[in-house]
Amino acid sequence: MASYIGRRKFLATLGGAAVAWPLAACAQQPAMPVVGFLHPTSPDARSDQLRAFRQGLKETGYVEGENVAIEYRWAENQLDRLPALAAELVQRRVAVIAATGGALSATAAKAVTTTIPIVFNVGDDPVRLGLVASLARPGGNLTGINFFTNELAAKRLELLRQLVPAATRIAVLVDPTIAAATEPTLRDVEAAARAMGLQIQVLTAGTSGEINADFAAVAGARPDALFVGISPFLLDRRVQLAQLAARHAVPAIYQDRAHAEVGGLISYGASLADAYRQVGVYTGRILKGAKPADLPVLQSTKFEFVLNLQTARSLNLDIPPMLLARADEVIE
């Protein structure tokens with residue numbers, strides 16, 4: 001009897017250990033890293049960019065919900081919320097902050113932490129913006145991607161002139177809430193316009209209502225063409241912009257292909273989707289142990305020139321064959 005009881009206790013102990021071993025193994029598993037994603041607008045019109053960001057993470061071995069979590073913070077176009085949202089991510093103790101959507105997100109994140117790595121994507125020189133010490137050696141806790149938004153302003157104006165060769169008066173629509181993007185854009189466009197003998201009319205819009213008011217002004221002034229600057233807000237309002245440009249029969253050029261995809265006439269600029277993918281790649285590399293100070297700021301190498309032929313026909317525009325041949329994509 002004693003032998004039987006001893007054996008039963010032994011088996012019970014063994015069974016308990018079998019249960020305890022996997023529990024102990026689970027307890028020893030490292031916690032899933034958390035990435036903070038900060039953006040000045042809303043997720044509604046960002047599906048392509050979010051998909052590209054997750055693709056970049058996947059290229060480095062990270063899949064959301066499987067081995068990495070993402071905390072999203074959207075300012076919903078209320079730019080004064082960005083500092084508080086960045087502070088929330090710091091309090092959440094995220095492993096990396098992906099400060100996307102331009103300089104305002106990056107600046108807000110930089111102001112609240114000197115230790116958590118930050119990966120940005122900006123359209124202007126990050127050295128001039130004070131984000132990094134140099135492109136080759138960022139030197140602090142920030143690195144990222146420069147997608148040359150502002151440097152391409154003169155090139156867009158040149159393409160618009162080729163598309164509408166008789167144009168002499170150009171309306172330029174910019175977002176006044178983002179000086180880091182607006183000021184360089186106006187500077188470059190005005191310089192290029194002088195060289196081409198064009199007259200510029202500057203319009204500003206930071207709300208949907210102001211966009212409507214600007215197009216009412218366009219209806220009265222009748223400029224020959226429209227140059228739309230870049231900002232997260234203007235990108236989010238791309239359907240409204242395309243519809244108003246069509247209603248007022250004004251040829252317009254934009255920065256991102258997403259404008260042409262919803263009816264905008266022409267777009268030229270660095271691929272934002274590729275820039276977001278690169279942010280995802282750098283975020284993954286940092287999760288694996290790389291230091292932002294050692295990751296050089298990347299320069300966009302993928303540029304897209306997209307023509308919407310259907311919109312051109314509705315405006316009775318004849319697209320020069322040379323311009324058609326240069327387009328990376330023609331939307332029928």
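Within the 3.5 Å criterion, the main-chain N or O of Gly61 finds a donor-acceptor partner in the side chain of Asn67. Judged by distance alone, the side chain of Thr204 and the main-chain N or O of Val174 form no donor-acceptor pair under 3.5 Å. Between the side chain of Asn121 and the backbone N or O of Gly101 there is at least one donor-acceptor pair closer than 3.5 Å. Proximity of a side-chain donor or acceptor of Thr182 to a complementary backbone N or O of Ala179 within less than 3.5 Å is not detected. With hydrogens and angles disregarded, a donor-acceptor distance shorter than 3.5 Å links the side chain of Asn308 to the backbone of Ala260. Side-chain atoms of Ser267 never come within 3.5 Å of backbone atoms of Tyr254 as a donor-acceptor pair (strictly under, hydrogens ignored). At least one donor-acceptor pair under 3.5 Å links the side chain of Asn141 to the backbone N or O of Thr113. Checked by atom type and distance alone, the side chain of Thr177 never pairs as donor or acceptor with a backbone atom of Gly206 at under 3.5 Å. Asp328 places a side-chain N or O within donor-acceptor distance of the main-chain N or O of Phe305, the cut-off being under 3.5 Å. Counting only distance, with no hydrogens or angles, the side chain of Arg161 and the backbone of Met196 share a donor-acceptor pair below 3.5 Å.
Here the closest non-hydrogen pair linking Gly144 and Val119 is CA-CG1, 4.1 Å. Residues Lys288 and Thr60 share a closest heavy-atom pair of CE-O, 2.6 Å. Smallest separation of non-hydrogen atoms from Leu173 and Leu234: O-CD1, 4.1 Å. Contact detail for Ala252 and Ala245: the closest heavy-atom pair is CB-CB, 4.5 Å. Residues Ala167 and Leu198 come closest through the heavy atom pair O-CD2, 3.3 Å. Taking both residues in full, the closest heavy atoms of Ala270 and Asp256 are given as O-OD1, 4.3 Å, listed atom of the first, atom of the second, then distance.
In this structure, the side chains of Leu142 and Pro292 stay at 4.5 Å or more apart for every pair of heavy atoms. Two residues are said to be in side-chain contact when any heavy atoms from C-beta on lie closer than 4.5 Å; Ile286 and Leu295 meet this criterion. Put simply, the side chain of Phe120 reaches to within 4.5 Å of the side chain of Val297, judged on heavy atoms. Looking only at side-chain heavy atoms (C-beta outward), Ser300 and Ile145 come within less than 4.5 Å of each other. Between Asp44 and Asp236, the closest side-chain pair of non-hydrogen atoms is not below 4.5 Å. Contact annotation: the side chain of Ile253 never approaches that of Leu265 to less than 4.5 Å [non-hydrogen atoms, C-beta and beyond]. In this structure the side chain of Lys302 never reaches within 4.5 angstrom of the side chain of Arg277, judged on heavy atoms. In this structure the side chain of Val112 never reaches within 4.5 angstrom of the side chain of Pro83, judged on heavy atoms.
The CG atom of Leu203 sits 4.5 Å away from atom CG of Asp214, with the distance rounded to the nearest 0.5 Å. From Phe147, atom CZ reaches atom CD1 of Ile230 across 6.5 Å, with rounding to the nearest 0.5 Å. Within the model, atoms CG of Leu57 and CG of Leu287 stand 7.0 Å from one another, a figure rounded to the nearest 0.5 Å. Distance check, rounded to the nearest 0.5 Å: CG of Leu323 to CG of Asp318 gives 12.0 Å. Going from atom CD of Glu183 over to atom CD1 of Ile178 covers 12.0 Å, rounded to the nearest 0.5 Å. The OG1 atom of Thr283 sits 13.0 Å away from the CZ atom of Arg54 when rounded to the nearest 0.5 Å.
Residue Trp74 is not grouped with residue Leu79 when hydrophobic side chains (ILVMFWY) are merged at heavy-atom distances under 4.5 angstrom, including chains of intermediate members. At a threshold of 4.5 Å between side-chain heavy atoms, the hydrophobic network of Ile, Leu, Val, Met, Phe, Trp and Tyr places Tyr282 and Ile116 in two separate groups. Criterion: ILVMFWY side-chain heavy atoms under 4.5 Å apart, direct or through other members. Under it, Val90 and Val94 are part of a common hydrophobic cluster. Hydrophobic clustering places Val122 together with Ile97 (ILVMFWY residues linked when any side-chain heavy atoms are closer than 4.5 Å, directly or through intermediates). Phe227 and Ile200 fall within the same hydrophobic cluster, defined by Ile, Leu, Val, Met, Phe, Trp and Tyr side-chain heavy atoms under 4.5 Å apart, directly or through other members.
Among Val228, Leu235, Leu152, Leu272, the one residue that satisfies the side-chain contact (heavy atoms from CB on, under 4.5 Å) test with Gln255 is Leu272.
Remark: the Thr168 side chain and the Asp224 side chain contain an N/O donor-acceptor pair separated by less than 3.5 Å. Between the side chains of Arg237 and Gln240, a donor-acceptor pair is found at a separation under 3.5 Å. Side chains of Asp274 and Ser271: a donor-acceptor N/O pair is absent below 3.5 angstrom, by distance only.
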(message) Quick one, Phe53 with Tyr276, criterion ring-ring contact (aromatic ring centres under 6.0 Å, His included). Give me CA distance, side-chain angles, the key distance, then yes/no.
(response) CA-CA 5 Å; Phe53 173 70; Tyr276 275 78; 7.6 Å; no
(request) Under the salt bridge (charged side-chain N to carboxylate O under 4.0 Å, His left out) rule, what do Arg313 and Glu332 come out as? Steps first, then yes or no, please. (result) CA-CA 10 Å; Arg313 292 192 186 108; Glu332 295 288 348; 3.5 Å; yes
(request) Report the C-alpha separation of Asp125 and Leu135 in whole Å, then their side-chain angles, then the decisive distance to 0.1 Å, and conclude whether the side chain to side chain contact (heavy atoms under 4.5 Å, CB included) test is met. (result) CA-CA 9 Å; Asp125 179 3; Leu135 299 182; 4.2 Å; yes
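Heavy-atom neighbours of Arg169 CZ from other residues, nucleotides or ligands within 6.0 Å: above the threshold of 12. More than 12 heavy-atom neighbours from other residues, nucleotides or ligands sit within 6.0 angstrom of CD on Glu76.
Taking 4.0 Å as the cut-off between side-chain N and carboxylate O, Glu261 and Arg238 do not count as a salt-bridged pair. Here Arg285 does not pair with Glu59 in a salt bridge; the nearest charged N to carboxylate O distance is not below 4.0 Å.
Phe303 and Tyr268 have parallel rings, their planes meeting at less than 30° on a 0 to 90° scale where 60° marks the start of perpendicular.
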